[in-house]
Q: 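Here it is: the structure, laid out below.
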Protein chains: 2
Amino acid sequence: MKKVSLKDIATEAGVSTALVSYVLTNKEKEARVGEEIAKKIRAIAHKLNYQPNHIARSLKSGRSFTIGLIVADISNPFFGNIARTIEDEAKRNNYTVIFGSSDENVDKSGDLINVLLNRQVDGLIITPTEGSEEQISQLKAQKVPFVLIDRFFPEIEASHIAVNNYEAAYHAVSHLVKTGRKRIGMVAYKTSLHHIGERKRGYKEALLAHHMTSGNTLLKSARYSHLAADIRLSIDQLLSGRHPADAIFFATNSLAIEGLKYINSLGIRIPDQLAVITFDESEALDLFYSPVTFVRQPILEMGRAAVRVLLEEIKDNKKEIEHICIDTSLVIRKSCGSR
Amino acid sequence: MKKVSLKDIATEAGVSTALVSYVLTNKEKEARVGEEIAKKIRAIAHKLNYQPNHIARSLKSGRSFTIGLIVADISNPFFGNIARTIEDEAKRNNYTVIFGSSDENVDKSGDLINVLLNRQVDGLIITPTEGSEEQISQLKAQKVPFVLIDRFFPEIEASHIAVNNYEAAYHAVSHLVKTGRKRIGMVAYKTSLHHIGERKRGYKEALLAHHMTSGNTLLKSARYSHLAADIRLSIDQLLSGRHPADAIFFATNSLAIEGLKYINSLGIRIPDQLAVITFDESEALDLFYSPVTFVRQPILEMGRAAVRVLLEEIKDNKKEIEHICIDTSLVIRKSCGSR
DNA sequence: CTTGTTTCCTTAAACGTTTAAGCATATTTT
DNA sequence: AAAATATGCTTAAACGTTTAAGGAAACAAG
């Protein structure tokens, strides 16, 4: 079944391909196409089930109507959901999405950026990995339209969509204080990524504001590459000694899940012995015997904003950079006990 | 920063674009290009940082080196992981992936198929939704290369990758029998999809083989569209009456997670009061206080097989259809108690 | 010295669109 | 009646590649 082209329709209608093109792209008015012949062309196109060739169109227009999406880890439902909303929103705007997962690896990220650019995507939505500053700067230098989501580099002026990480963390920790916790620990990633830094800062400032002096001693960081082991160590440290922590704030869902697995294995009861609070929702945390209180990131809004900003940048190259900060909400459940 | 084309290189080297093309696609031998000029062309290409235009290439070759992926629900980690392995494997073969999530909706699935075909994907990998038989048949009639994954329609001769659903279910139920359970229930989806049917059949046959007469009375089905409510109802039915079930086999991870949420809320203890076993792994089921015994589907293998079969079909249009059945394994944990 | 062969390069068409420019013919305006 | 405008279509170039065909020069063989 050979693909039907404009030429086939033109031949059958006994006109030139130009005319067919005008009609099928609804430019009959500007091109002053006769009503009858327009109708005829449409009928034939329909009869032959004509489907325009996007590739030829792209070559001509220099635009592919495709956006590239690079997420940090597509197997994490947080990013899976982001991907879904972005794909939906893109489709609503007649764009398709090519995607890749960088798996938090700089090299893979660089690779993906190259592949996607070679595929002539019109723009990129990226959750940048640690150490990808240069890649991002280069995109900027090349004037490729792009938007960062979830994370960004404060030193690089670029459009991004993020949440109020500092305030959210501050708020979460304050909640723990309100529910009577005295020694609040935090488990985060060992990373230079700014969003995690902000969450740490929110934690520290909240402690300070409530005159809790635990300072840095109760703030632990795990390496992404040695997650399980580092988390175990962190928790051991937090829960040992004369004054063990009575609450832990996890900086992401994967930290919380891995941490709670270990806490389970230690036989520690939530919230009686230990309060737990985390960033991000997850089915695992719903199903937990003591559903975990969490900071909800409005994924739908984030995804939509990312697509909107990107498409605006694509359409208007001169558009100024946009920093969008979206508010989170704290969803209180059982894992912190009650006040 | 204008894109560098073959013409730019040709101009700078003082040769025709043809020569440049031959060199840069490593056809110097066949085209008998002079060594010196080849070296020069390469040097200039490198200096100008030439990146081939995939779109132009695709238009010429009629191939886009892109595959379309339609998953049932990208926010489900099972499909997220499938997507990841497919993307990885595709990239290794110099293919990129355009994706969409059908959300188990026939109309959306049809939409996506059209969009992806319009984008001239070279082939499709699809987890077909219920009722999409016609869409699949049409793909077949149009001779579009495609591979079904996770599910398939027995009445449509098409390549697919699936697991041994019947045997896996049979094995899972047998395990429950071995651990001493007497009244084994099942919660599945209300669907005509074959893979779920096979899981149900495996359940029933296993009961039969072990002379358990519970027959259909303990087999409950929930509608995808009313998941939470139907699951609650199913579990209520299973656990009520004079002879409540002492074990439940869930047909998928989402059923298990939703079901366990409800079971939790009823205060029922696993595995003492009730044994639980399910298809698919999930962090939620790891974190559960009594980690859930499950049927593991080898996602990596499935994804790789799907890409391999699809690329073979793309390369060789005459290739015969391939049915790949991959073995699962039962991962035994605490949720069924011990023998 | 012709003829044949090899070597190295160019020409030009093609893929399927879009769109500016042009060209008849018909109609209106002066 | 001549000039201007409107109408309805076609021509042809362009987007960036690939690749079959051809051609000129150099050399070898007869």
Side-chain angles (χ1 to χ4, degrees), chain A residues 1-42 44-45 48-66 94 117-122, chain B residues 1-42 44-45 48-66 94 117-122:
Chain A
M1 183 116 70
K2 193 50 187 39
K3 274 272 173 185
V4 178
S5 73
L6 287 188
K7 202 189 288 182
D8 300 322
I9 300 177
T11 306
E12 173 134 0
V15 298
S16 68
T17 62
L19 213 54
V20 179
S21 173
Y22 285 128
V23 171
L24 297 184
T25 51
N26 297 313
K27 302 218 174 59
E28 345 169 24
K29 293 275 140 55
E30 302 95 295
R32 302 164 311 188
V33 180
E35 252 185 69
E36 306 226 333
I37 198 73
K39 210 172 280 175
K40 184 174 175 191
I41 286 171
R42 266 184 236 284
I44 294 176
L48 300 183
N49 187 30
Y50 169 73
Q51 302 292 106
N53 183 323
H54 251 283
I55 292 195
R57 206 171 254 184
S58 294
L59 181 60
K60 188 81 223 306
S61 67
R63 292 177 54 183
S64 63
F65 293 93
T66 300
N94 288 316
L117 288 183
N118 272 2
R119 296 285 173 148
Q120 325 297 131
V121 296
D122 291 340
Chain B
M1 186 117 66
K2 192 53 185 39
K3 273 271 175 186
V4 177
S5 74
L6 286 188
K7 202 189 287 181
D8 300 322
I9 299 176
T11 306
E12 174 135 359
V15 297
S16 69
T17 62
L19 212 54
V20 179
S21 173
Y22 285 128
V23 172
L24 297 184
T25 51
N26 298 312
K27 301 215 175 60
E28 346 170 25
K29 292 277 140 56
E30 302 97 293
R32 300 163 312 189
V33 180
E35 254 186 66
E36 305 225 335
I37 198 74
K39 207 172 284 175
K40 184 175 176 190
I41 286 171
R42 265 185 238 283
I44 295 176
L48 299 184
N49 186 30
Y50 170 73
Q51 302 292 105
N53 183 324
H54 251 283
I55 293 196
R57 208 172 251 182
S58 294
L59 181 60
K60 188 80 224 306
S61 66
R63 292 178 53 184
S64 63
F65 292 92
T66 300
N94 288 316
L117 289 184
N118 271 2
R119 296 286 172 147
Q120 325 295 130
V121 296
D122 291 340

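Each chain gets a letter, A, B and so on, in the order the sequences are listed, and its residues count up from 1.
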Q: B:Asp122 and B:Gly62: which non-hydrogen atoms are nearest, and at how many Å?
A: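 Shortest heavy-atom separation between B:Asp122 and B:Gly62 comes out as OD1-O, 4.4 Å.
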Q: Which residue lies toward the 5' end of DNA chain D, B:Ser61 or A:Gly14, if each is placed at its nearest nucleotide?
A: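 In this pair, the answer is A:Gly14.
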Q: Both A:Ala18 and B:Ser21 contact DNA chain D. Which one's nearest nucleotide lies toward the 5' end?
A: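 Between the two, 5'-proximity favours A:Ala18.
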Q: Starting at the 5' end of DNA chain C, which residue's closest nucleotide do you reach first, B:Leu59 or A:Thr17?
A: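 With B:Leu59 and A:Thr17 compared, the 5'-side residue is B:Leu59.
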Q: If you check every side-chain atom of B:Arg32, which of D:dT7, D:dG16, C:dT7 has the closest atom?
A: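 Of the candidates, C:dT7 comes closest.
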Q: Check every atom of D:dC9, D:dT18, D:dG16 against the side chain of B:Ser5 and return the nucleotide holding the closest atom.
A: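 For the B:Ser5 side chain, the nearest candidate turns out to be D:dG16.
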Q: Taking the side chain of B:Ser16 as heavy atoms from C-beta outward, which of C:dC9, C:dT18, C:dT11 is closest to it?
A: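 Nearest nucleotide to the side chain: C:dT11.
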Q: Quick one, A:Arg57 with A:Thr25, criterion side-chain contact (heavy atoms from CB on, under 4.5 Å). Give me CA distance, side-chain angles, the key distance, then yes/no.
A: CA-CA 11 Å; A:Arg57 206 171 254 184; A:Thr25 51; 4.1 Å; yes
Q: Roughly how far apart are B:Leu117 CG and A:Gln51 CD, rounded to 0.5 Å?
A: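 So the CG of B:Leu117 and the CD of A:Gln51 are separated by 8.5 Å.
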Q: Checking only heavy atoms, does the side chain of A:Lys60 share a donor-acceptor pair with the base of C:dT18 at less than 3.5 Å?
A: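 Present.
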Q: Can you find a side chain N or O atom of A:Arg57 that sits less than 4.0 Å from OP1 or OP2 on C:dT18?
A: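 Checking A:Arg57 against C:dT18: at least one side-chain N or O falls below 4.0 Å of OP1 or OP2.
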Q: Using whole Å, what does the distance between atom P of nucleotide C:dA14 and atom CG of B:Leu6 come to?
A: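 Value for this atom pair: 20 Å.
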Q: Nearest whole angstrom, please: distance from the P of C:dG16 to the CD1 of A:Ile9.
A: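 Roughly 12 Å, once rounded to whole Å.
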Q: How many whole angstroms separate atom CG of B:Asp8 from atom P of D:dT17?
A: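 Result: 9 Å.
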Q: Expressed as a whole number of angstroms, how long is the span from A:Asn118:CG to D:dT17:P?
A: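 These atoms are roughly 11 Å apart.
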Q: For A:Lys29 and C:dT19, what is the distance between atoms NZ and C1' respectively, to the nearest whole Å?
A: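 Taking atom C1' of C:dT19 as the reference, NZ of A:Lys29 is at 19 Å.
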Q: Rounded to the nearest Å, what distance is computed from the CG atom of residue A:Leu24 to the P atom of nucleotide C:dT17?
A: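 Computing the A:Leu24:CG to C:dT17:P distance gives 9 Å.
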Q: Considering every strand and a 4.0 Å limit on heavy-atom distances, what is the contact class for B:Thr25: base, sugar-phosphate, or nothing?
A: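 Counting heavy atoms under 4.0 Å across all strands, the contact made by B:Thr25 is with sugar-phosphate only.
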Q: For the side chain of A:Lys27, counting heavy atoms from C-beta on, which of C:dC9, C:dT18, C:dT19 is nearest?
A: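 That would be C:dT19.
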Q: Tell me what B:Gly62 touches on the nucleic acid: a base, only sugar-phosphate, or nothing, going by heavy atoms under 4.0 Å.
A: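 It contacts nothing in the nucleic acid.
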Q: Once you round to the nearest 0.5 Å, how far does CD1 of A:Ile44 lie from CG of A:Asn49?
A: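 With rounding to 0.5 Å, CD1 (A:Ile44) is 14.0 Å from CG (A:Asn49).
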Q: Would you mind reporting whether A:Asn53 and B:Gln120 have side-chain heavy atoms less than 4.5 Å apart?
A: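 Contact flag for B:Gln120/A:Asn53 side chains = yes.
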Q: Can you tell me the distance, in whole Å, between the CD atom of A:Glu30 and the P atom of C:dT18?
A: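 Taking atom P of C:dT18 as the reference, CD of A:Glu30 is at 13 Å.
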Q: Where the side chain of A:Leu19 is defined as all heavy atoms beyond and including C-beta, which of C:dT11, C:dC9, D:dC9 is the nearest nucleotide?
A: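 The nucleotide sitting nearest to the side chain is D:dC9.
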Q: Could you tell me how far apart B:Glu28 (CD) and D:dT18 (C1') are, to the nearest whole angstrom?
A: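 Whole-Å distance recorded here is 16 Å.
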Q: Indicate, with a heavy-atom threshold strictly under 4.0 Å, whether A:Ile37 touches base, sugar-phosphate, or nothing.
A: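 Sugar-phosphate contact only.
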Q: Look at the side chain of B:Tyr22 and decide which nucleotide, out of C:dT18, D:dA21, D:dT10, has an atom nearest to it.
A: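 Selected nucleotide (nearest to the side chain): D:dA21.
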Q: I'd like to check A:Ile41 versus A:Ile9 (side-chain heavy atoms, cut-off strictly below 4.5 Å). Are they in contact?
A: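 In short, these two side chains touch, coming nearer than 4.5 Å.
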